[in-house]
Every structure is written in C-alpha cells, then in structure tokens.
Number of protein chains: 2
Amino acid sequence: MDGILSHLVERLDQLRTQDDFEAFLRNAAEEMGFDMFAYAGGRLAEDRVTARTVFQRPPITMSSFPDDWLTHYANEGYFKDDYVVVQSLRAILPDQWHAERGVREIRPRQAQIMREAIDAGLRRGFFVPIHGPANDFGLLNVICNEAEGEFSKIVERYRHEVHVLAVHFHDAVQKRLPASAGRGARLQLTERESEILRWTAVGKTSWEISEILHIAERTVNFHVANTMRKLGVYSRTHAVAKSISLGLTRL
Amino acid sequence: MDGILSHLVERLDQLRTQDDFEAFLRNAAEEMGFDMFAYAGGRLAEDRVTARTVFQRPPITMSSFPDDWLTHYANEGYFKDDYVVVQSLRAILPDQWHAERGVREIRPRQAQIMREAIDAGLRRGFFVPIHGPANDFGLLNVICNEAEGEFSKIVERYRHEVHVLAVHFHDAVQKRLPASAGRGARLQLTERESEILRWTAVGKTSWEISEILHIAERTVNFHVANTMRKLGVYSRTHAVAKSISLGLTRL
DNA sequence: GGGCTCCCTGTCAGAACTGACAGCTAGTTG
DNA sequence: CAACTAGCTGTCAGTTCTGACAGGGAGCCC
C-alpha cells in the first residue's frame with residue numbers, strides 16, 4: 001500500500017472542518033476513478049417507535065450525490081431499507097453492489113430503492129462498513145458508473161485502499177468533528193452507577209447487588225433510579241439497553 | 001495494495017481448517033518481516049462474576065508465541081489487563097506498541113505485563129483491532145523485535161496491508177471455523193420473541209407491548225418467559241443484555 | 001461558610017414482573 | 001393421524017421494581 005494510500009492517510013491528520021473532510025473525500029474518490037461518494041457515520045441505537053436500528057442522532061454525512069436524490073432518500077426514509085445500509089450493518093467486509101443486476105434475497109422495497117437509484121445516476125458501487133466499539137458505525141459508498149468490466153477493474157485495483165481509507169477517515173471524522181461529540185456527550189454515569197448498571201445487565205436483582213457491594217438494597221435502587229433519570233428512561237431494562245447503545249456500558 | 005495483499009486475501013478463500021489458517025498467518029507474517037504473531041477472535045460479553053468485558057466463550061486463537069508465555073498469560077488472566085487488548089477494545093485503528101518505552105497513562109499492572117513480555121521475547125509490535133456487528137471482536141498482534149528504526153520501517157511499509165489482512169482474516173475465520181458457531185449457535189428466537197424482546201429493550205412494559213401488537217398482556221409475558229428460558233436467565237433485563245451480546249438483538 | 005457532587009439509608013404504596021397452574025388454534029411433517 | 005412447532009389466552013401468589021416521601025456524611029471549590 002505504497003504511494004497513494006499512505007499519502008492520503010497522512011493528510012487526514014491535517015483536516016479540521018467538515019468542508020476539509022468533504023473535499024478530501026472528493027479528491028480521493030476522483031483520484032481512484034470513482035464518480036461519486038457518500039459517507040455517513042455516527043452512533044447506532046434502537047428507534048423508540050419502530051424498534052429498528054438507526055443512528056442515535058443525525059449522523060455526520062458527506063456526499064456528492066445529487067441533491068434531489070438525497071432529499072428524496074431522506075424523505076422516504078430509505079436509509080433503513082437500503083440494501084447497502086442493511087448489508088453494512090451486518091457485515092465486516094466491504095463489498096460491491098449493482099443496482100441493475102439486483103441481489104439475491106432482495107426485498108421488494110429494496111428493489112424499488114435500487115430502481116430509483118439508477119434514475120438518480122447511481123448504477124453500481126463499492127461500500128465499506130465501518131464498525132467500532134460501542135455501536136460506533138460508519139458507511140462509505142463510492143459509485144462508479146462505468147461499464148461493468150471497467151468497474152470491476154477499478155474495484156479490484158482499489159478495494160483495499162478504499163477499505164483502509166474509509167476506516168481511517170471515519171475514525172478521524174468521529175474524533176475531530178464536534179457534531180459527533182455533540183449534545184449527548186455530556187451525559188455521564190458515576191462510578192457507582194456504572195458498576196450497578198453492569199450488575200443489573202447480568203440479571204442481578206437489587207437485593208443481590210446490595211449483597212455483592214455490601215450496601216443497602218435501598219441504595220442500589222437509589223443509584224438505579226439516578227441512572228434511569230440521567231438516561232431519560234423508565235425501566236432498568238431500557239436503561240441497560242440504552243447505556244449499551246450509548247457506549248456507557250460494554251457487554 | 002497490489003502484489004502481496006490481493007494474493008493473500010484471495011488465498012484466504014481456500015483455507016478450511018484451523019491449521020490452514022494458522023499456517024497462512026505464519027507465512028504472511030514472515031513474508032512481511034515480522035517475528036511472531038498472535039490472533040484471537042470471538043464474541044464479546046460481560047463476565048458474570050467480574051462484570052468486565054471478556055469473550056463469551058474461549059475465542060479462536062492462533063499464535064507463534066512461546067508456549068510458556070501463553071500459559072503464563074492465560075494463568076494470570078493477563079488478557080483483561082494487557083495494554084494491547086484494552087486498547088483494541090476501545091479503538092478502531094491499528095497502532096504499534098513498545099514494551100520498553102512504555103505508554104502514557106499505563107497502569108502498574110499493564111507495566112508489569114509488558115516487562116514480563118520482554119522476557120518472553122516480545123519487545124514491540126503492531127496490533128489491529130477488529131470490530132464487527134453484535135460484539136464480534138478480533139485482535140491481531142504481530143511482533144517485530146528488530147531495532148526501533150528497522151521496526152518503524154517495516155510498520156510504515158506494511159501497516160495497511162496488515163490492517164486489511166487482519167479484517168479479512170478475522171471474517172474468514174469466524175465464518176469458516178466451526179468453533180465460532182459452536183454450541184451457542186443453535187439458540188434461536190422466534191419472530192415473535194425477537195419482536196417482543198426489541199420492544200422490551202426500549203423500555204416498553206408488557207401491557208404497552210400488548211397494545212402495540214394487539215395481543216393479550218399474558219401472551220407478551222408468555223413470549224418473554226420463553227425467551228428467558230432459552231437464554232437461561234431470570235430477568236428480562238438480563239435477557240435483553242444477553243441477546244444483544246449474542247447478536248440476536250441489535251440496538 | 002455555602003454550594004456542589006457523590007455516596008449512603010429509611011418507609012411505603014402501587015405497578016410490573018415471574019413462574020406456576022391451566023387449555024386453545026393453525027400449520028407442518030413423518 | 002400423531003407429534004411437533006409457533007402463537008395465543010386465562011388466573012393467581014409471590015417477588016421485584018418504581019417513584020414518592022424523607023434524611024445522613026465526606027470531599028471539593030470559590
């Protein structure tokens with residue numbers, strides 16, 4: 001991974017603003033022969049209403065997709081059904097997609113999205129899922145509308161570069177850009193609260209925890225209540241699930 | 001990422017047994033100029049007794065470390081304090097470590113482990129954390145005891161290759177080797193059970209879920225009870241936490 | 001000293017959960 | 001058809017949780 005990649009990764013350190021990062025991505029994609037790119041990264045959580053996996057807060061996004069496609073995509077809530085997204089949430093490795101060829105086991109809704117994507121000028125591409133600790137998640141999608149043969153060559157040539165670059169890019173963006181720290185970051189559990197929450201997560205009752213920690217059962221409930229208040233939830237089960245999704249508790 | 005890497009990644013597809021994978025890793029490490037290697041991969045969970053992050057079941061491990069060091073390491077439970085491990089659990093990006101130089105913010109126990117590592121012939125190395133969906137986790141550590149200058153050159157030269165290789169390797173191992181599927185794999189929740197568990201995870205009470213799904217509250221409790229039985233736990237909180245850690249439920 | 005955070009403890013009423021008893025329908029498979 | 005699975009429903013006793021009422025001390029910073 002000589003020339004291009006090392007150079008790109010080093011340049012990442014100098015980027016400061018979202019515009020810097022976006023320009024960087026634009027250049028990188030272009031250099032490798034891709035037509036468009038889209039990145040989204042943030043922290044995952046379970047939606048309160050639909051109980052599906054979504055970003056906790058709006059993710060940091062950068063893309064060169066056509067504006068009307070982005071608007072349409074957002075309005076229709078395509079994110080949760082998009083084949084590329086669904087795959088990325090499940091897979092570790094990057095892969096390619098072809099809107100025209102379709103994919104085995106595709107659902108009608110996904111096929112619909114892909115058809116509309118073609119109209120928006122997104123024919124085929126290569127996507128990189130990025131998974132980090134504590135529900136940290138990112139997705140880079142680079143598009144190349146060349147004929148399939150040409151596309152394959154480019155992917156073959158650059159897939160590892162794009163892979164590494166995506167991971168470094170995501171890490172830099174999430175560490176550097178303030179939006180990702182944002183509002184939720186202030187929330188902090190005390191030492192005792194985390195400790196009790198961890199025990200709760202492994203099924204201990206308040207009484208059992210009080211025995212383990214040599215404190216009163218009432219005190220355990222006190223800390224649990226404070227934790228629930230901080231997290232804005234009304235049951236310890238939800239508190240455990242939410243603190244996991246916020247990265248406050250590890251399984 | 002031309003020559004060596006593409007070739008290696010393609011070869012991964014042909015490996016079948018644990019010995020295949022281990023030999024593969026040995027060759028790859030050697031080709032790049034590393035002296036030793038160690039890989040561990042599996043699914044993370046919270047320890048029942050200590051409430052710390054550990055592998056759910058013994059991870060798949062492969063290494064060329066000296067046997068007595070591995071034994072000592074296992075006996076002393078170094079895994080949970082090892083600097084490389086702790087870092088990997090938190091970070092997305094690969095990094096290097098130097099036992100002699102130490103590290104800022106290192107705890108006494110970690111320093112102790114590093115000193116002993118030197119005696120075992122592990123002076124410095126490069127580690128790659130691998131995070132996947134649903135607490136999937138792996139760690140590749142390659143050692144190079146050359147002088148620091150030489151070491152830096154090798155790392156500089158190969159870090160991206162090692163990075164990509166580690167991710168592909170982990171994915172292949174966890175998909176291919178049966179030990180990772182193993183005992184826990186049989187466990188399956190029905191559609192209804194998962195659905196109700198997801199609602200439980202976002203703090204809904206049995207009654208609320210019964211309203212949402214238009215079924216009796218009793219039925220909700222029935223499914224929750226079945227889920228708990230399958231997971232071998234005695235509270236819904238634990239069931240939610242465990243199903244998340246098993247990858248049965250996403251946040 | 002006053003204000004702050006963290007940790008600790010008590011009681012009590014009402015809501016929620018847990019595990020036991022019980023039995024029903026519908027669909028699949030050998 | 002028998003056996004199985006998935007889903008559904010009822011009651012009831014006992015346990016656990018939740019949120020409200022209280023109160024205590026130790027340590028830190030201005």
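To find a chain, count down the sequence lines: A is the first, B the second, and so on, and within it residues start at 1. These values consider heavy atoms only, across backbone and side chains, with no hydrogens, waters or symmetry-generated copies.
For D/dG7, its base never sits under 3.5 Å from the side chain of B/Arg192 at any donor and acceptor pair. One can find a donor-acceptor pair under 3.5 Å joining the base of D/dT11 and the side-chain atoms of B/Arg218.
Looking only at atom types and distance, the side chain of A/Ser206 has a donor-acceptor partner in the side chain of A/Arg236 under 3.5 Å away. The closest side-chain donor-acceptor pair between A/Trp97 and A/Asn141 falls under 3.5 angstrom.
Following rounding to the nearest Å, B/His214 (NE2) and D/dT9 (P) show an atom-to-atom distance of 12 Å. Between the CH2 atom of B/Trp207 and the P atom of D/dG10 there is a distance of 15 Å, given to the nearest Å. Across the protein-nucleic acid pair, A/Glu191 atom CD and C/dC7 atom P stand 8 Å apart, rounded to whole Å. Between the CD atom of A/Glu217 and the C1' atom of C/dC7 there is a distance of 17 Å, given to the nearest Å. The separation between B/Asn226 atom CG and D/dC4 atom P is 17 Å, rounded to whole Å. The NZ atom of A/Lys230 sits 9 Å away from the C1' atom of C/dT5 (whole-angstrom rounding). The OH-P distance, from A/Tyr234 to C/dC17, rounds to 16 Å in whole Å. Separating the CG atom of A/Asn221 from the P atom of D/dG23 is a distance of 20 Å, rounded to the nearest angstrom.
At C/dC17, one or more side-chain N or O atoms of B/Ser206 fall inside 4.0 Å of OP1 or OP2 (strictly under the cut-off). B/Thr190 has a side-chain polar atom (N or O) that falls below the 4.0 Å cut-off from OP1 or OP2 of D/dG7.
Between A/Tyr78 and A/Tyr73, the two ring planes are perpendicular [angle over 60°; tilted spans 30° to 60°].
Counting all heavy atoms, side chain and backbone alike, B/Ile92 lies closest to A/Gly132 at CG1-CA, 3.8 Å.
With distances taken from any side-chain atom of B/Met228 to the nucleotides C/dC17, C/dG19, D/dT18, the minimum falls on C/dG19. For B/Ser235, the side-chain atoms get nearest to C/dT18 when compared with the rest of C/dT18, C/dC7, D/dT18. With D/dT9, C/dT18, D/dT18 as the candidates, the nucleotide lying closest to the side chain of B/Ala216 is D/dT9.
Remark on DNA chain D: of its neighbouring residues A/Arg236 and A/Phe222, the 5'-side contact belongs to A/Arg236, judged by nearest-heavy-atom nucleotide.
A/Leu70 contributes atom CG, which lies 7.5 Å from atom CZ of A/Phe65 (distance to the nearest 0.5 angstrom).
Using a 4.0 Å heavy-atom distance criterion, A/Thr219 is classed as a base contact.
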